[in-house]
Amino acid sequence: MRNDPTRKTAAAAPEAQSGAANGEPLDFIRSIVAADVAAGKHDGRVVTRFPPEPNGYLHIGHAKSICLNFGVAAEYGGRCHLRFDDTNPLKEDPHYVESIEKDVRWLGFDWGRHLYHASDYFERLYDYAVQLVQDGKAYVDSSSEEEIRRDRGTVTEPGKESPDRARSVQENLDLLERMRRGEFDDGAYVLRARIDMASPNMKMRDPLIYRVRRVPHHRTGDAWNIYPMYDFAHCFSDSIEGITHSLCTLEFENNRELYDWFLDQVHVHHPQQIEFARLNLSHTVMSKRTLLELVEKGIVRGWDDPRLPTLSGLRRRGYTPEAIRAFCDRIGVAKRDNLVDVSLLEYYIREDLNKRAKRVMAVLRPLRVVIDNYPEGQVEELEAINNPEDPEVGTRRIPFSRVLYIERDDFREDPPKKFFRLAPGREVRLKHAYFLKCEEVVRDDAGDIVELRCTYDPATKSGSATDGRKVKGTLHWVSAGSAVEAEVRLYEHLFLSANPAEAGREEGLESLLNPASLEVVRGARVEPSLATAHAGQRFQFLRHGYFCVDPDSAPGALVFNRTIGLRDSWSKIEKKQQP
RNA sequence: UGGGGCGUAGACAAGUGGCAAGUCACCAGAUUUUGGUUCUGGCAUUCGCAGGUUCGAAUCCUGCCGCCCCAACCA
């Protein structure tokens, strides 16, 4: 088996995207796995797992972990389990289970038949606990929560042993059994490991194994009155499933000694825990607690608010799984605390959508244009290319007529330097159509510009002039008679601060929120081909950015989300001119 | 200040004794019927700091400094 030449190797693994297969340097985890496989450890098998607790929605930080765990497994011919770490019925909810499964699948990963729950192992876990008690390695403690806390000591002082530490094995066994049967109130007893109250590692000072919680569990019902703690449940769950490499985040480094201790006591399969740095993204927050707070306070519209870094939020916003995976590949895996600039994520969604999004024209803030020399009542169909990056997707026809809408921002009565859009007396090109010249500005009684009187050059239908004259600007437009009205939601970073989790420690997060994170534009006009667009469809609104149809959208009441704007070098020039 | 980790450009991140990959961001230019895309060039004489070993150090040794994690019956 070990030398089986047909066994899949990293290079032969299908769909390997990173590290092992593409010649990029291996990250430290893949290096360890590669070395283990080469050395024939675990017979060369690789089994990983993604172990979320069903107490919240998945976010892009989880995506990093998912890509790592499923990625490593795929690259080394192994498998990756999806396991719900459901050991705390007080905080968990089956609703979250559904969202997690959906999000992992959406990201593009498949756990096959390997869907597990820590609660599947409750009986075996209990057996391990009994074994520990029998071996004198665990005891039932009647200390109160406060006493336990106090007697644990501090980082510089050793803790104090509980009087119950000396309880007999027989009595411990009896008490544990009665805890399980529900004879005691919550908090009356706990089962603890007997390790070392003076250990320099706080996690080793007689950690809790079971606590009494007389509440039903969403999967085991009222079968249990005690529930296992993370450190105890997690290592044994890994062991039971035959996990070879248990990848987790840095804050569990201190727990590794305990992970190893539990497994060593009962001589079972012993996976290797390896810790890596979690992802932090600039201008947003990643902690479940904070995300929950934003949702519950109504600061955002729910877990799938497009401003959130949740996978459901990113999906609704228009992000593709491919872009998120490419991003996760790029950021790497290391042990250094990090704060990845959100512009890197934005780069990957632009890169992906540039290749696949159909171009359409949409005017967000319409300004009416009347072409005086264009025949009244005439409508002609012009051909427009759907995607210059992908000629395969062909062309479509768009109506052109005497009355159009252009973007208000594309006209300046008094144009600044380097502004080469429309202005009085100036000529520009209308995308896919003719040259257009502004002849006159029409105002209402309040003095606001309500309309532009223009002329067009019929000889410029090709997009350029026959006499060789050039225009510097090309504008998008829609025909007033056939345009469809739409609502457009423009998103910006949720936080002004690059690192709100850090900056908000004292003043609180709310003062750091970006008041302009959502701008709703009503009365936008989009080209008629969009009338039948359905939720989830993505487009490039020419010269604006990438947009996708929101689930709130309905026939006759289109709603678009801006996924990300196009890079905008004009705004930079303009900004430079301002100060 | 007990223990566990980490310090390479604005942000990520390779490199593990032979004389600083790559990506994003940023800057400059070319192309362009999207001020988009694409392309070209620039961007760490220096690797937290200070000593030491060596012909040679980001990589080895010593000391110091800084940041993160651990005192939930959360995970």
Side-chain angles (χ1 to χ4, degrees), chain A residues 24-27 51-53 55 85 87-88 90-92 141 143-145 148-159 186-187 189-192 198-205 208-213 226-227 229-231 233-234 248-257 275 277 279 282 288-289 327 329-348 350-351 354-355 359 361 385 388-389 418-421 429-433 435 460 462-464 471-476 498 540-545 565-574:
Chain A
E24 293 262 306
L26 260 39
D27 59 65
E53 183 189 13
N55 68 343
D85 216 339
T87 56
N88 186 0
L90 255 30
K91 291 190 175 173
E92 295 152 10
D141 194 350
S143 301
S144 69
E145 197 171 336
I148 290 175
R149 203 193 312 269
R150 189 192 60 216
D151 291 343
R152 190 140 36 209
T154 70
V155 290
T156 54
E157 301 162 297
D186 289 11
Y189 289 102
V190 291
L191 181 71
R192 300 177 74 176
S199 172
N201 181 353
M202 299 296 293
K203 297 287 184 192
M204 298 298 278
R205 319 248 263 224
L208 273 58
I209 295 175
Y210 272 103
R211 74 284 218 192
V212 176
R213 277 243 202 300
I226 56 174
Y227 292 94
M229 301 292 291
Y230 166 81
D231 289 295
H234 199 84
C248 63
T249 45
L250 251 29
E251 64 271 28
F252 292 101
E253 277 178 317
N254 297 315
N255 301 57
R256 189 176 63 239
E257 189 179 356
E275 310 85 12
L279 165 68
S282 76
K288 278 192 195 173
R289 202 204 97 249
F327 168 77
D329 268 357
R330 208 359 80 239
I331 57 175
V333 180
K335 300 197 68 159
R336 218 178 294 157
D337 287 330
N338 60 77
L339 180 65
V340 176
D341 201 308
V342 71
S343 66
L344 186 61
L345 211 211
E346 293 171 346
Y347 169 82
Y348 281 104
R350 281 195 192 101
E351 183 193 51
N354 175 51
K355 286 180 302 195
R359 271 63 169 171
M361 294 202 284
I385 187 156
E389 303 295 318
K418 290 187 178 169
F419 181 89
F420 36 84
R421 277 115 95 146
R429 174 167 40 234
L430 292 176
K431 181 75 180 177
H432 304 130
F435 280 13
T460 55
S462 63
S464 43
V471 291
K472 292 187 90 174
T474 300
L475 310 188
H476 61 277
Q540 183 194 101
F541 285 2
L542 226 57
R543 303 209 302 135
H544 276 302
L566 254 24
R567 287 178 64 212
D568 181 4
S569 51
W570 163 243
S571 76
K572 282 182 191 169
I573 294 168
E574 195 179 28

Enquirer: Let me check I have this right: for RNA chain B, each base becomes ., (, ), [, ] or |, based on Watson-Crick or G-U pairs with both distances under 3.5 Å. What is the full string?
Expert: .(((((((.[[[..)..(...]]].(((((.......))))).....[[[[[..)....]]]]])))))).....
Enquirer: Summarise how protein sits on nucleotides 70-75 of chain B as a single string, 5' to 3': B when a protein heavy atom is under 4.0 Å from the base, S for sugar-phosphate-only contact, - for no contact.
Expert: BBSBSB
Enquirer: Excluding sequence neighbours, so at least two apart, what forms ring-ring contact (aromatic ring centres under 6.0 Å, His included) with Y227(A)?
Expert: F122(A), H217(A)
Enquirer: Could you list the residues that satisfy side-chain contact (heavy atoms from CB on, under 4.5 Å) with A334(A), not counting sequence neighbours?
Expert: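 If we apply the side-chain contact (heavy atoms from CB on, under 4.5 Å) test to A334(A), skipping adjacent residues, there are no hits.
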Enquirer: Which atom pairs link the protein and nucleotides 46-49 of chain B when you take only N or O atoms and keep those under 3.5 Å?
Expert:
none

Enquirer: Rounding to an integer number of Å, can you tell me how far L279(A) CG sits from rC68(B) C1'?
Expert: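 Roughly 16 Å, once rounded to whole Å.
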Enquirer: What is the separation between atom CD on E257(A) and atom C1' on rG5(B), rounded to the nearest whole Å?
Expert: 14 Å
Enquirer: Name all residues meeting the salt bridge (Lys or Arg N to Asp or Glu O under 4.0 Å) criterion together with E145(A); count only those two or more places apart in sequence or in a different chain, and write none if there are none.
Expert: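 Counting only residues at least two positions away or on another chain, E145(A) forms a salt bridge (Lys or Arg N to Asp or Glu O under 4.0 Å) with R149(A).
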Enquirer: Please list, chain by chain and in numerical order, all residues satisfying salt bridge (Lys or Arg N to Asp or Glu O under 4.0 Å) with R211(A), sequence neighbours excluded.
Expert: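 R211(A) satisfies salt bridge (Lys or Arg N to Asp or Glu O under 4.0 Å) with no other residue.
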Enquirer: Rounded off to whole Å, could you give me the CG-to-P distance for the N354(A) and rG35(B) pair?
Expert: 14 Å
Enquirer: Name the nucleic acid region contacted by E346(A), choosing base, sugar-phosphate or nothing; use a 4.0 angstrom heavy-atom cut-off, strictly under.
Expert: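 Touches nothing.
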Enquirer: Classify the angle between the aromatic ring planes of F252(A) and Y230(A) as parallel (below 30°), tilted (30 to 60°) or perpendicular (above 60°).
Expert: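 It falls in the tilted class, 30° to 60°.
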Enquirer: Under the salt bridge (Lys or Arg N to Asp or Glu O under 4.0 Å) rule, collect the residues that match up with R205(A), sequence neighbours excluded.
Expert: none
Enquirer: Going by salt bridge (Lys or Arg N to Asp or Glu O under 4.0 Å), name the residues that satisfy it together with R429(A), two or more places apart in sequence or in a different chain.
Expert: none
Enquirer: Could I get the full list of side-chain contact (heavy atoms from CB on, under 4.5 Å) partners for D231(A), not counting sequence neighbours?
Expert: N255(A), L258(A), F262(A)
Enquirer: So which protein N/O to nucleotides 6-9 of chain B N/O distances come out below 3.5 Å?
Expert:
| unit_1 | atom_1 | unit_2 | atom_2 | d |
| --- | --- | --- | --- | --- |
| rG7(B) | O5' | R336(A) | NE | 3.3 |
| rU8(B) | OP2 | R336(A) | NE | 3.4 |
| rU8(B) | OP2 | R336(A) | NH1 | 3.3 |
| rU8(B) | O4 | R336(A) | NH2 | 3.3 |

Enquirer: At under 4.0 Å between heavy atoms, which parts of nucleotides 17-27 of chain B does protein reach? Answer with one letter per nucleotide, 5' to 3': B base, S sugar-phosphate only, - none.
Expert: -----BSSSSS
